Every structure is written in structure tokens, then in C-alpha cells.
There are 2 protein chains.
Amino acid sequence: MAVTDEAIEKIKGMIVSGALRPGDRLPKESELAADLGLSRNSLREAVRALSLIRILDVRQGDGTYVTSLDPQLLLEAMSFVVDFHRDDTVLEFLAVRRILEPAATAMAALRISEQQLDALTAQLDKLGDAPSVEDLVACDLEFHRGIVHSSGNSVLCSLLDGLSGPTTRARIWRGLTQEDAVGRTLREHRAILAALRDRDAEAARSWATVHIASVEQWLRSTL
Amino acid sequence: MAVTDEAIEKIKGMIVSGALRPGDRLPKESELAADLGLSRNSLREAVRALSLIRILDVRQGDGTYVTSLDPQLLLEAMSFVVDFHRDDTVLEFLAVRRILEPAATAMAALRISEQQLDALTAQLDKLGDAPSVEDLVACDLEFHRGIVHSSGNSVLCSLLDGLSGPTTRARIWRGLTQEDAVGRTLREHRAILAALRDRDAEAARSWATVHIASVEQWLRSTL
DNA sequence: GTCGCTTAAGACCTCCGACGTATCACGTCA
DNA sequence: TGACGTGATACGTCGGAGGTCTTAAGCGAC
């Protein structure tokens with residue numbers, strides 16, 4: 001195994017074992033390199049790799065720190081990976097989202113605060129009846145993000161955030177080509193919000209399923 | 001932005017845009033460094049980072065290649081990230097798995113082959129009535145992996161693979177401390193398999209839910 | 001003609017030393 | 001007391017020198 005890979009494993013080990021805790025500062029490059037028995041250049045490769053996936057936070061002139069290791073932060077790195085997926089796997093991503101999002105919406109129905117409900121309502125009101133496709137899709141992302149956040153599960157929240165990325169382009173495309181896709185989306189958002197207000201988890205779940213399934217169905221018929 | 005980060009973005013761009021396709025070989029380090037306008041050392045940091053998340057495959061003595069970019073391969077990198085999560089988030093991971101796994105099992109009920117069913121049966125038979133906890137957990141992972149694979153969704157499959165890792169330790173712990181956890185797991189596996197044989201998606205979903213919920217419940221009461 | 005070994009070229013691996021740049025802390029001065 | 005300047009510190013970047021591994025061409029024996 002290459003010395004750099006060893007260094008990655010050792011640093012990972014230090015964090016997993018608790019020797020390095022979130023927020024801790026690592027020894028400076030030259031010292032850590034000496035400790036781990038490799039050159040500063042090779043160590044930097046290891047640190048850079050761990051930095052890309054948000055394990056380490058490198059600040060020039062200051063030092064290198066362990067990040068908070070929050071699920072939200074770590075899974076955020078997933079969206080970087082997701083960007084590489086080819087268009088032909090969008091349907092598989094959407095299928096997973098179709099499983100997770102209704103469940104998350106149902107969970108949110110039981111936990112969401114009145115304040116959050118009002119915020120979502122205001123958001124939909126602000127958008128108006130005939131928004132641009134770009135505005136709608138941006139609002140769509142924000143709407144679902146807000147709901148999923150209220151599910152209370154940060155892993156679920158981050159996961160859905162990552163999965164939603166690849167379908168964004170598809171949704172824009174749909175908005176531009178399918179008749180009444182905008183109006184339909186707006187109506188479905190209102191329905192989901194109403195179900196949340198009623199604390200009706202099953203209705204919320206069903207509307208979320210319908211909402212995603214309509215995109216899925218359209219995409220399947222188009223590809 | 002640092003030159004290394006620029007290089008990461010540029011290489012990513014080349015892949016996403018299609019200039020570099022899966023399996024393609026990159027120019028050699030010295031050439032690519034010159035093309036991108038940075039030193040070979042800094043370029044290596046970029047390549048190493050992309051290599052860690054399985055975007056690039058570096059082979060000493062040969063060259064650097066773009067991986068297949070299969071969802072399975074890319075999400076495999078997620079398990080590396082998941083390893084960093086602290087024990088207090090295991091419940092959140094388990095909650096997500098509780099959503100995905102029943103759905104995957106239900107999907108599998110409609111698609112799984114007779115051959116695969118026989119393989120799963122043979123696997124359970126081979127384990128016997130009183131396996132060691134380690135064998136049981138390993139078999140447990142393999143059993144679920146086989147079922148999820150039959151769901152036909154590789155993104156779902158890889159995702160569950162990544163999520164199952166963190167709970168492995170918990171399951172071993174449970175097997176060692178909870179009375180009849182082994183017998184219960186074996187019975188539930190048989191029940192899931194029977195539902196799959198009957199092509200009964202709803203029964204399969206329910207048994208999978210019960211199976212995971214029992215772990216979740218035990219874990220919640222223990223923490 | 002085929003198989004197996006030797007050899008050389010190509011590409012990545014590791015290291016070293018030097019210099020550039022950003023940040024923070026301390027001391028100075030108004 | 002507060003703002004500013006300065007130095008120490010740590011990361012950022014670079015060029016070059018060997019080292020190691022893979023591959024394939026070259027060559028001889030069967």
C-alpha cells in the first residue's frame with residue numbers, strides 16, 4: 001500500500017478512535033509527516049483527499065482541523081460524487097427518492113412546527129401563479145428541503161439533498177417542455193402543505209408519492 | 001481558489017462534459033500538469049483526492065484512468081465517509097435503512113429469480129441453527145445484500161450497502177447481549193424468504209420492517 | 001512457430017529543499 | 001483603550017532527482 005494511503009488510514013484511525021475529535025487541530029504538516037513517517041508532499045496528498053470529502057478543514061496560515069463530522073456536512077460530499085453520474089441513472093436516483101421523500105414527508109407531518117408551516121406557506125405565496133421555470137425549480141428544491149428538515153433526521157435530510165441534485169436538470173427540462181407542469185407542481189405543493197397542516201401523515205405521504213411519481217412517469221416516457 | 005482545487009474542478013468538468021469518458025486514460029502527470037497550468041506535485045493532490053472517491057483509478061507503472069463511474073462504485077466511497085459518523089447517529093442511519101430496506105425487499109419480491117431464491121435458501125441452511133454471532137452478522141449482511149440486489153436498482157443497492165456498515169457493530173453487540181437475538185434473526189430471515197417465494201411484496205415489506213424495527217427498538221432502549 | 005525470459009521504456013511514487021502567501025498574536029503608538 | 005504594523009507560524013506551490021512498478025518489445029530455447 002502506498003505511503004499516502006497509509007497516511008489516510010492512520011488519520012482516519014486517529015479520528016475514528018477518538019484520538020482526534022471534531023474541531024481538533026492536527027499537528028502541523030511537517031510534524032505530522034515526521035510522525036507518520038513520510039514526506040510532507042505525500043502527507044499533503046492524504047490531507048487534500050480527506051479535505052475533499054469534508055473530513056478535514058485546511059486553513060492556510062492557520063492550521064488543519066477536524067470538521068464537525070456532522071452527517072449533513074459529510075453527506076454533502078456525496079453531492080460531489082452524484083454529479084458524476086450519467087443521465088441514464090437518473091431514473092434509479094428518482095426511484096430511491098420516491099421511497100425516501102414520502103417517508104420523510106410523513107415524518108414531518110408529525111413534527112413540523114407552526115412556524116415552519118407558515119414559512120412554507122409564505123414561500124409558496126411569494127412565488128405567485130406563473131413563475132419562471134428556474135424560479136419554480138429553485139423553489140421546489142427549497143420547499144422539499146424545508147419539509148425534509150422537519151423530519152428530524154439529519155441523515156435522511158442530507159441524503160435527500162444529495163439525491164435531489166441529479167434530477168434538477170430533468171425538472172427544468174420538464175418544466176420547459178411539458179404542458180401545465182408548472183401549474184401541476186404548484187397544486188401538488190399546496191396539497192402537501194395542506195396535509196402537513198392537518199397533521200395527516202398518510203395524506204402527506206401520498207401526495208409526496210404522487211408528486212415524485214409524476215416526474216418519474218414523465219421522465220420514463222421521455223427517455 | 002487554490003490551484004489544486006481548480007485542477008479538481010477542471011478534471012471533474014472534463015468528465016462531466018464527456019471530454020473524458022469512463023475507462024479513458026488521462027494524459028501522463030507531467031503533461032496534464034502542464035495543460036492545467038500547475039506543478040506536478042499539486043496535480044497529484046488533485047488526482048489523489050479524486051482517486052479516493054473512486055472517480056479516478058491510478059495504476060503505478062501504467063497510467064491514470066477514469067473509472068466506470070457506476071453508481072455502485074461511486075457510492076462505495078460513501079461507506080468510507082460513513083465510517084466517520086459517531087455512534088450517536090447510528091439511530092438516524094437505522095431509521096433511513098428502515099425506510100429503504102422494506103421498499104427494496106418489496107421490489108425484490110416481484111423480480112427475484114428462482115435461482116437467487118435457491119441461493120438464499122442454501123445460504124440460510126448452511127448457517128445452521130446455532131451459528132456464532134460473527135457468522136450470523138456476516139450472513140445477515142450477505143442475505144440482505146442478495147435481496148436488495150434483486151430489487152434491480154443499483155443506486156438503492158449501493159446506498160443500503162453503505163448504510164448497513166455502521167449498524168454492523170451494533171448488531172454484533174446485540175447478538176452478544178440480547179437473549180435469543182440469534183434465533184429471532186434466523187426466524188425473521190426465513191419469514192422474509194418465504195414471502196419472497198410467494199411473490200408477496202406486502203408480506204416481504206412487513207417482515208423487513210419488523211426485522212429492522214426490532215434492532216432499532218433494542219438499540220433505542222439500550223442507548 | 002510458440003513459449004518463456006530478459007531488457008528497456010514509460011508512468012506513477014516518494015522525497016527534498018526552497019520560496020510564496022495568508023493568518024494570527026504581540027508589541028507599539030496615538 | 002484601540003488601531004496599526006510587524007514578525008512568527010503554517011499552509012500553498014514549485015522544480016528536480018531518484019525509485020518502483022507495469023508493459024511490451026526483443027531474443028533465444030524448445
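Labels below follow one simple rule: chain letters A, B, ... track the order of the sequence lines, proteins then strands, and each chain is numbered from 1. Bear in mind the structure is a predicted one, so any value in this text is a computation, not a measurement.
The list of side-chain hydrogen bond (donor to acceptor under 3.5 Å, both in side chains) pairs with a residue in residues 10-20 of chain B, not counting sequence neighbours, reads A/Asp83-B/Lys12. Sorted by first then second residue, the salt bridge (charged side-chain N to carboxylate O under 4.0 Å, His left out) pairs that include residues 33-43 of chain A, not counting sequence neighbours, are A/Glu29-A/Arg40. Residue pairs meeting the side-chain hydrogen bond (donor to acceptor under 3.5 Å, both in side chains) criterion with at least one member in residues 19-28 of chain A: none, sequence neighbours excluded.
Contacts between residues 51-59 of chain A and DNA chain D, defined by a heavy-atom separation below 4.0 Å, involve A/Val58, A/Arg59, listed by number. Less than 4.0 Å separates DNA chain D from at least one heavy atom of each of the following residues of residues 22-29 of chain A: A/Arg25, A/Lys28, A/Glu29.
Residues satisfying the salt bridge (charged side-chain N to carboxylate O under 4.0 Å, His left out) test with A/Arg220, not counting sequence neighbours, are A/Glu216. Residues passing the salt bridge (charged side-chain N to carboxylate O under 4.0 Å, His left out) test with A/Glu9: none are found, sequence neighbours excluded. For B/Gln115, the side chain to side chain contact (heavy atoms under 4.5 Å, CB included) test picks out B/Ser113, with sequence neighbours left out. The side chain to side chain contact (heavy atoms under 4.5 Å, CB included) check on A/Arg111 picks up nothing, with sequence neighbours excluded.
Nucleic acid contact class of A/Thr4 (heavy atoms, under 4.0 Å, all strands): sugar-phosphate only.
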Next item on the list: For each nucleotide in nucleotides 14-21 of chain D, reading 5' to 3', give B when a protein heavy atom comes within less than 4.0 Å of its base, S when such contact involves only the sugar-phosphate, and - otherwise.
Entry: BBBB-BBB

Considering only nitrogen or oxygen atoms on both sides, find all protein atoms under 3.5 Å from nucleotides 4-8 of chain D and state each distance.
none

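In the helix from C/dG1-D/dC30 to C/dA30-D/dT1, the terminal helix axes, each the rotation mapping four pairs' C1' atoms onto the next four within five end pairs, subtend 10°, rounded to 10°.
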